[in-house]
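All of these numbers come straight from a predicted model, not from anything done at the bench. Naming convention: chains lettered A, B, ... in sequence-line order (proteins, then strands); numbering from 1 in each chain. These values consider heavy atoms only, across backbone and side chains, with no hydrogens, waters or symmetry-generated copies.
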Number of protein chains: 2
Amino acid sequence: MSNSKLYKGSLTTIILRLLSEHPKMYGYEITQKVKELTDGELKITEGALYPALHKLEADGLLDVEVRRVDNRLRKYYKLTEKGTKETASKLNELERYIETMQVLLNPKWTT
Amino acid sequence: MSNSKLYKGSLTTIILRLLSEHPKMYGYEITQKVKELTDGELKITEGALYPALHKLEADGLLDVEVRRVDNRLRKYYKLTEKGTKETASKLNELERYIETMQVLLNPKWTT
DNA sequence: CAAATATACCTAAAATTCTTATGTATAAAA
DNA sequence: TTTTATACATAAGAATTTTAGGTATATTTG
């Protein structure tokens, strides 16, 4: 995913966030979009992505729709209602995480 | 550590950051300090902390000094020179992680 | 005073998440 | 024609954390 271990735990949040902006996306598209948006800083590996998508689907957060495009298979994922709610929750978590880490990063505690 | 999975991977960074501000700290003190600084948002569990400290010591990033205070044992950890360098590196990683995630969080991509 | 809580360390099994290494298949580019 | 890109998938292993214990002393509380 990246040389930094910090991304551990944030893959689900990233997937949900992307799907909250795009009506539907397929796996390979997600890997390319993330690479593009982060200027290559973050590369989602397939070994991490596909199991994560399957889990989100199993948990009822995503719906899947298989299509054949240019004689190649694509699995389009989109948020369910439950998934939309979970996305909001995950984004709050991320914001709180960032705030918390910034406290530790830039301490007011000269104590 | 917290109900949020996002903290996965950030424990080492947190420990190093605290030790870059405090000349020496012992394990229990670290758990209390983090709880205090984050208003209880983040609670470091001992099962995560102690193995992490041992690994940092084994990697030569921390030195340890055992002391008996009030007839109770304390293991004081402090940064080695190597640990100080690694701390700077980890803090850069954290800043980049936050920047990257904020791009994904607040997209300029209305596309 | 007894019991509970706080202080202070530790480990080991299990769960979680990710990396690394594969595998299959078609289309396009070099 | 071989490599790269597109598109899916899984499985073994690594790394980190949770959960659930364990030991021991000091202090607080009922």
Side-chain angles (χ1 to χ4, degrees), chain A residues 1-16 24-36 40-59 61-62 64-77 90 93-94 97, chain B residues 1-16 24-36 40-59 61-62 64-77 90 93-94 97 100-101:
Chain A
M1 208 167 166
S2 134
N3 57 319
S4 171
K5 291 164 194 169
L6 293 168
Y7 291 97
K8 236 179 220 276
S10 40
L11 179 56
T12 295
T13 305
I14 292 169
I15 294 171
L16 292 177
K24 59 180 165 49
M25 297 183 87
Y26 56 99
Y28 186 75
E29 187 184 12
I30 292 175
T31 67
Q32 301 307 301
K33 198 68 182 174
V34 167
K35 193 157 68 176
E36 175 204 326
E41 157 84 4
L42 187 52
K43 285 167 192 159
I44 309 280
T45 59
E46 296 173 316
L49 178 68
Y50 291 115
L53 286 172
H54 299 162
K55 186 172 192 311
L56 287 169
E57 193 198 344
D59 291 348
L61 305 183
L62 300 184
V64 70
E65 182 198 342
V66 182
R67 268 198 224 174
R68 187 164 289 276
V69 179
D70 292 331
N71 203 33
R72 268 199 246 89
L73 202 73
R74 283 186 191 171
K75 287 196 172 180
Y76 281 96
Y77 291 92
K90 288 281 185 197
E93 267 183 26
L94 178 57
Y97 168 81
Chain B
M1 208 165 164
S2 131
N3 57 318
S4 172
K5 290 165 191 166
L6 293 167
Y7 291 96
K8 250 175 211 275
S10 40
L11 178 56
T12 295
T13 304
I14 292 169
I15 294 171
L16 292 177
K24 59 180 166 48
M25 296 183 87
Y26 56 98
Y28 186 77
E29 186 184 12
I30 291 174
T31 65
Q32 298 308 301
K33 197 71 181 174
V34 168
K35 193 158 67 174
E36 174 203 325
E41 159 83 5
L42 186 52
K43 285 168 193 161
I44 310 278
T45 58
E46 298 174 316
L49 177 68
Y50 291 115
L53 286 173
H54 298 162
K55 185 172 191 313
L56 287 169
E57 192 197 344
D59 291 347
L61 305 183
L62 299 184
V64 69
E65 182 200 340
V66 183
R67 267 199 224 173
R68 187 164 288 277
V69 179
D70 292 332
N71 202 34
R72 269 199 246 92
L73 202 72
R74 283 186 190 172
K75 287 195 172 181
Y76 281 97
Y77 291 92
K90 287 282 184 194
E93 267 183 28
L94 178 56
Y97 169 81
T100 298
M101 290 305 282

Under 4.0 Å between any heavy atoms, over every strand shown, what does [X] touch: base, sugar-phosphate, or nothing? Just pick one.
X     : result
B:G27 : sugar-phosphate
B:K43 : nothing
B:S2  : sugar-phosphate

Exercise for review: Taking heavy atoms of chain A and a 4.0 Å limit, find me the 5'-most and 3'-most nucleotide of DNA chain D within that range.
Suggested key: D:dA5 to D:dT16
Which pair of non-hydrogen atoms, one from [X] and one from [Y], has the smallest distance, and what is that distance?
X     : Y     : value
B:R74 : B:Y76 : NH1-OH, 2.9 Å
B:G27 : B:L53 : CA-CD1, 4.0 Å
B:E93 : A:S4  : OE1-OG, 3.3 Å

Given atom [atom1] of [X] and atom [atom2] of [N], what is their separation to the nearest angstrom?
X     : N      : atom1 : atom2 : result
B:M1  : C:dT17 : CE    : C1'   : 15 Å
B:I44 : C:dC9  : CD1   : C1'   : 17 Å
A:I15 : C:dC18 : CD1   : C1'   : 12 Å
A:Y7  : C:dC18 : OH    : C1'   : 15 Å
B:L53 : C:dA8  : CG    : P     : 14 Å

Check your understanding: Given the rule in the side-chain contact (heavy atoms from CB on, under 4.5 Å) test, do B:M1 and B:I14 qualify, once you have shown the distances and angles that lead to the verdict?
Key -> CA-CA 12 Å; B:M1 208 165 164; B:I14 292 169; 4.3 Å; yes
Review point. Closest nucleotide of DNA chain D for A:K8 versus for A:V69: which of these residues is on the 5' side?
Key: A:V69
Check your understanding: Nearest 0.5 Å, what's the CE-CG distance between B:M101 and A:L6?
Key -> 10.5 Å
Practice item. Please report the C-alpha distance between A:E29 and A:Y77 in whole Å, then the side-chain angles of each, then the deciding distance to 0.1 Å, and finally whether the side-chain hydrogen bond (donor to acceptor under 3.5 Å, both in side chains) criterion is met. Key: CA-CA 11 Å; A:E29 187 184 12; A:Y77 291 92; over 6 Å; no
Practice item. Could you give me the CA-CA distance, side-chain angles and deciding distance for B:Y97 and A:S10, then say whether side-chain contact (heavy atoms from CB on, under 4.5 Å) is met? Key: CA-CA 10 Å; B:Y97 169 81; A:S10 40; 3.5 Å; yes
Check your understanding: Does the side-chain contact (heavy atoms from CB on, under 4.5 Å) test come out yes or no for B:L73 and B:R68, once each step is laid out?
Key -> CA-CA 5 Å; B:L73 202 72; B:R68 187 164 288 277; 3.9 Å; yes
State whether [X] places a side-chain N or O below 4.0 Å from either non-bridging phosphate oxygen (OP1 or OP2) of [N].
X     : N      : result
B:Y50 : C:dC9  : yes
B:K5  : C:dT17 : yes
B:H54 : C:dC9  : no

Exercise for review: Report, as a single string ordered 5' to 3', how protein heavy atoms within less than 4.0 Å touch nucleotides 22-30 of chain C: B base, S sugar-phosphate only, - not at all.
Suggested key: ----BS---
Name each donor-acceptor pair under 3.5 Å that joins a side chain in residues 43-52 of chain B to protein atoms two or more places apart or in another chain, with its distance.
none

Point to revise | Minimum-distance nucleotide to B:K75 side chain [options: C:dT7, C:dC18, C:dC10] | key: C:dC10
